[in-house]
Amino acid sequence: MKKLIAAIAATTALTTPVLAEDKAITEFRIGLLGGENAQDRLNNNECLRAKTEEVLGVPTKLFAPADYNGVIQGLLGGTIDMAWLGASGYAKTYLSDPEAVEPILVKVNLDGGYGYHSIGFARKDSGIETLEAMKGKTFGFGDPNSTSGFLIPSIEIPEITGATMDSGDYFGDVKFSGGHEQTIVGVYNGDFDGGVTWADGLGEWEDGYTSGALRRAVDAGLIDMNELVQIWKSKPIPEGPFVLRKELPEDVKVKFTALLASLPAIDPDCAYGVLAGDAKGVQPIDHDAYEVIIEARKLKSN
């Protein structure tokens, strides 16, 4: 990682074709995690695709699988080269193959930290204001490979309720929506009594905080935050890493990392879409930051 950071700092010519000593890539493929509809994901990242294509000098494509596992399997199988994974998604990828990917950068919030939260919420007119009021109600998770949409709440909420997250134990029914946007819209429309999603926890509730799935839902015009109420907030979670396949040529890694690191400065509007809202930027991160999440996934799989 230190060598990579030094190379980033020294990189100035970003638009030359990418070659390795013994091979050159013919295309670059960016995977986009599920959690919102595919077209919005593609729209938010089109600017990154275009800039990457220019920097690397090869055709660059966006892939938006229906769920988190589609991106994970693409990274493991070599059909996706880069993705912004959640911490739990990175943990699954690492546990499946420690040599598949390497973390390069992490989003930095406006307060300078790189943590975020799982946020429990309900409709304001439901009268539900706490987890205790959710007893016997329908609870919505997101994706099984989501950190904030499943892993962390499935660990922390039982510590509060004293019960499992199985349907009928504390909550009347527990369902997977398929992603953050689906959970948010599901609660908003009354399909779930409450659910969980992610946010940085900074800024104002009525704005959907400054970044995260709630902010994206507000920006897309899907919800009015004044109709929702927060009922639970997790402990800080390490933001997931941007990862690259380890087998990529070093030149590719250096040039792409430099591009992503400079994105907030060279194109703030593009960075807003890619980073799910307002952010200070990105900073280097390595595997050690995710050991706690890896251990949590190991415990859940036992």
Side-chain angles (χ1 to χ4, degrees), residues 1 4-5 29-36 41 45 48 62-109 113-118 141-156 179-180 196-200 211-213 234-248 252-253 256-257 260-261 274-276 279 282-302:
M1 177 57 71
L4 181 58
I5 296 170
R29 301 147 301 186
I30 298 173
L32 307 175
L33 281 187
E36 62 182 325
R41 283 183 278 159
N45 288 275
L48 177 62
L62 299 176
F63 292 90
D67 58 20
Y68 284 36
N69 198 50
V71 172
I72 293 168
Q73 294 306 318
L75 290 166
L76 291 170
T79 58
I80 289 176
D81 298 309
M82 171 271 168
W84 182 16
L85 294 177
S88 183
Y90 171 69
K92 178 175 181 178
T93 307
Y94 176 81
L95 290 170
S96 299
D97 180 1
E99 297 303 314
V101 301
E102 60 183 288
I104 54 167
L105 296 167
V106 67
K107 170 190 164 188
V108 180
N109 296 324
Y114 65 91
Y116 71 106
H117 300 272
S118 176
F141 277 134
D143 186 289
N145 288 305
S146 171
T147 317
S148 56
F150 175 64
L151 180 64
I152 295 302
S154 74
I155 293 172
E156 291 191 17
H180 289 292
V196 285
T197 187
W198 76 280
D200 60 6
S211 69
S234 75
K235 300 170 186 174
I237 304 167
E239 181 64 80
F242 289 89
V243 302
L244 290 170
R245 281 197 308 115
K246 282 190 177 181
E247 291 184 355
L248 288 169
V252 173
K253 296 177 184 178
F256 180 82
T257 304
L260 193 56
V274 171
L275 298 175
V282 293
Q283 70 181 36
I285 196 79
D286 60 24
H287 171 81
D288 292 346
Y290 300 101
E291 287 287 0
V292 63
I293 301 297
I294 291 170
E295 291 305 311
R297 274 210 71 129
K298 286 180 180 178
L299 288 173
K300 291 297 291 184
S301 64
N302 291 336

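- Asp97 places no side-chain N or O within 3.5 Å of a backbone atom of Leu76 that could act as its donor or acceptor partner.
- Taking CD1 of Ile155 as the reference point, atom CG of Leu299 lies at 7.0 Å (rounded to 0.5 Å).
- Put simply, OH on Tyr94 and NE2 on His287 are 4.0 Å apart, with the number rounded to the nearest 0.5 Å.
- A donor-acceptor contact closer than 3.5 angstrom links the side chains of Lys107 and Ser211.
- Applying the 6.0 Å contact sphere to CD of Glu247 captures no more than 12 heavy atoms from other residues, nucleotides or ligands.
- In the model, Thr79 has no side-chain atom that pairs as donor or acceptor with a side-chain atom of Arg29 under 3.5 Å.
- Between the Ser88 side chain and the Thr147 main chain, no donor and acceptor come within less than 3.5 Å of each other.
- Asn109 contributes a side-chain N or O that, together with a main-chain N or O of Gly115, makes up a donor-acceptor pair within less than 3.5 Å.
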Audit row: Val282, Phe242, side chain to side chain contact (heavy atoms under 4.5 Å, CB included) steps and yes/no: CA-CA 9 Å; Val282 293; Phe242 289 89; 4.2 Å; yes
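- A salt bridge is defined here as a Lys NZ or Arg NE, NH1 or NH2 lying under 4.0 Å from an Asp or Glu carboxylate O, and Glu102 with Arg245 fails to meet this definition.
- Distance CD1/Ile72 to CD1/Ile80: 10.0 Å, rounded to 0.5 Å.
- Atom CG in Asp286 sits 12.5 Å away from atom CD1 in Ile104 (nearest 0.5 Å).
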Chi angles and distances behind the side chain to side chain contact (heavy atoms under 4.5 Å, CB included) call for Trp198, Glu239: CA-CA 10 Å; Trp198 76 280; Glu239 181 64 80; 3.7 Å; yes
Stepwise salt bridge (Lys or Arg N to Asp or Glu O under 4.0 Å) test for Lys246 and Glu99: CA-CA 7 Å; Lys246 282 190 177 181; Glu99 297 303 314; 3.4 Å; yes
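- Between Phe141 and Gly149, the closest heavy-atom pair is CD2-O, 3.2 Å.
- Put simply, the side chain of Ser118 gets close to the backbone of Ser148: a donor and an acceptor are under 3.5 Å apart.
- A donor-acceptor distance shorter than 3.5 angstrom exists from the side chain of Thr257 to the backbone of Lys253, with no hydrogens or angles considered.
- The main-chain N or O of Gly240 is found under 3.5 Å from a side-chain atom of Trp84 such that the two form a donor-acceptor pair.
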